[in-house]
Amino acid sequence: MKAGKIRPTALCAFWRGDTILAQEGHDPQTGEVYYRLPGGGIEMGEFAQEAVIREIREELEAEVVGVQLLDVIENIFEYDGAMGHEIAFIFTGAVAEPLFYDQDELMGHEGIDDTYRAIWIALDDVAAGRVTLYPPELLPLLQRYHATQITAGDAS
């Protein structure tokens, strides 16, 4: 992240039951292990929805369908000793290939030599403080969304 710049990002929640796919991150200065939704930066001239589809295709080699904007979250944080600031468009969606959901761990690629691990994490583990999910405002948003999906599923 460039110092003094606000970064627009597009992130996507993929659901497998009560779990979401999250990419693992490490703060090199503090050693903290944390998770965030997969996705990435929005490029100039690109809409957020286009960015999230492109980022998932590039990083996880997966085609996203049924993309729906949930909310926009402003996130001011510290990483590697520097202040960061992002405007995160939070989407939900599905991956077209069903076998994607059979994998307990996936490897994402943010460039030729930069990879990350993505795993399914339970919202209950985040709520209990066993797993750190960023941005912090994401948990209540995902809990509300998931609750509406359960209620809608029970009604049919």
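The figures that follow rest on heavy atoms only: side chains count, while hydrogens, waters and symmetry mates do not. FYI, the numbering just counts along the sequence from 1.
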Open item on the list: Working note: Leu142 + Trp15, criterion side-chain contact (heavy atoms from CB on, under 4.5 Å); need CA distance, chi angles, decisive distance, verdict.
Closed with: CA-CA 10 Å; Leu142 295 176; Trp15 297 88; 3.9 Å; yes
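- Judged purely by distance below 3.5 Å, without hydrogens or angles, the side chains of Asp18 and His146 pair a donor atom with an acceptor atom.
- Between the CD1 atom in Ile87 and the CZ atom in Arg7 there is a gap of 12.5 Å [rounded to 0.5 Å].
- When the side chains of ILVMFWY residues are joined at heavy-atom separations under 4.5 Å, either directly or via intervening members, Ile56 and Phe89 end up in a single hydrophobic cluster.
- At a threshold of 4.5 Å between side-chain heavy atoms, the hydrophobic network of Ile, Leu, Val, Met, Phe, Trp and Tyr places Ile42 and Leu138 in two separate groups.
- Heavy-atom minimum distance, Leu21 versus Leu37: O-CD2, 3.8 Å.
- Two residues are said to be in side-chain contact when any heavy atoms from C-beta on lie closer than 4.5 Å; Val67 and Cys12 fail this criterion.
- At a threshold of 4.5 Å between non-hydrogen side-chain atoms, the residues Ile20 and Leu133 count as touching.
- Taking all atoms of both residues into account, the shortest heavy-atom contact from Pro98 to Ala96 is CD-O, 3.2 Å.
- Between Leu70 and Leu141, some side-chain heavy-atom pair lies under the 4.5 Å cut-off.
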Task: Derivation and outcome, side-chain contact (heavy atoms from CB on, under 4.5 Å), residues Val65 and Val95 - done: CA-CA 6 Å; Val65 296; Val95 172; over 6 Å; no
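- A pairwise comparison of heavy atoms in Ala88 and Leu11 identifies CB-CD1, 4.2 Å as the closest pair.
- Shown here for Glu105 and Ile119, the closest heavy-atom pair between the two residues is CG-CG2, 4.0 Å.
- The existence of a salt bridge linking Glu58 and Arg54 is confirmed by a sub-4.0 Å separation between a basic side-chain nitrogen and an acidic carboxylate oxygen.
- Using a 4.0 Å cut-off between charged nitrogen and carboxylate oxygen, Asp102 and Arg16 do not count as a salt-bridge pair.
- Placement of Ile53 and Phe91 within a single hydrophobic cluster is found when ILVMFWY residues are connected by side-chain heavy-atom separations under 4.5 Å, directly or transitively.
- With Tyr116 as reference, Glu59 is the one residue of Met107, Glu59, His109 to meet the side chain to side chain contact (heavy atoms under 4.5 Å, CB included) rule.
- Across all non-hydrogen atoms, the minimal contact from Thr92 to Ala13 is OG1-O, 3.1 Å.
- A pairwise comparison of heavy atoms in Tyr101 and Glu97 identifies CD1-O, 4.2 Å as the closest pair.
- At a threshold of 4.5 Å between side-chain heavy atoms, the hydrophobic network of Ile, Leu, Val, Met, Phe, Trp and Tyr places Ile73 and Leu69 in two separate groups.
- Within the structure, salt bridge (Lys or Arg N to Asp or Glu O under 4.0 Å) pairs that include any residue of residues 28-37 comprise Arg36-Glu86 (at least two apart or interchain).
- Every residue two or more places apart in sequence or in another chain was checked for a ring pair (Phe, Tyr, Trp, His ring centres under 6.0 Å) with Tyr35, and none qualifies.
- Between Trp120 and Phe14, the distance from one ring center to the other does not fall under 6.0 angstrom.
- The backbone N or O of Val52 sits nowhere less than 3.5 Å from a side-chain atom of Glu55 that would complete a donor-acceptor pair.
- Among residues two or more places apart in sequence or in another chain, the side-chain hydrogen bond (donor to acceptor under 3.5 Å, both in side chains) test is passed with Glu110 by Gln23.
- Between the CD atom in Glu50 and the CD atom in Glu43 there is a gap of 10.5 Å [rounded to 0.5 Å].
- No side-chain N or O of Tyr34 forms a donor-acceptor pair with one of Glu24 less than 3.5 Å apart.
- Between the side chains of His85 and Glu74, a donor-acceptor pair is found at a separation under 3.5 Å.
- With a 6.0 Å radius and a threshold of 12 heavy atoms from other residues, nucleotides or ligands, Asp80 has its CG atom above the threshold.
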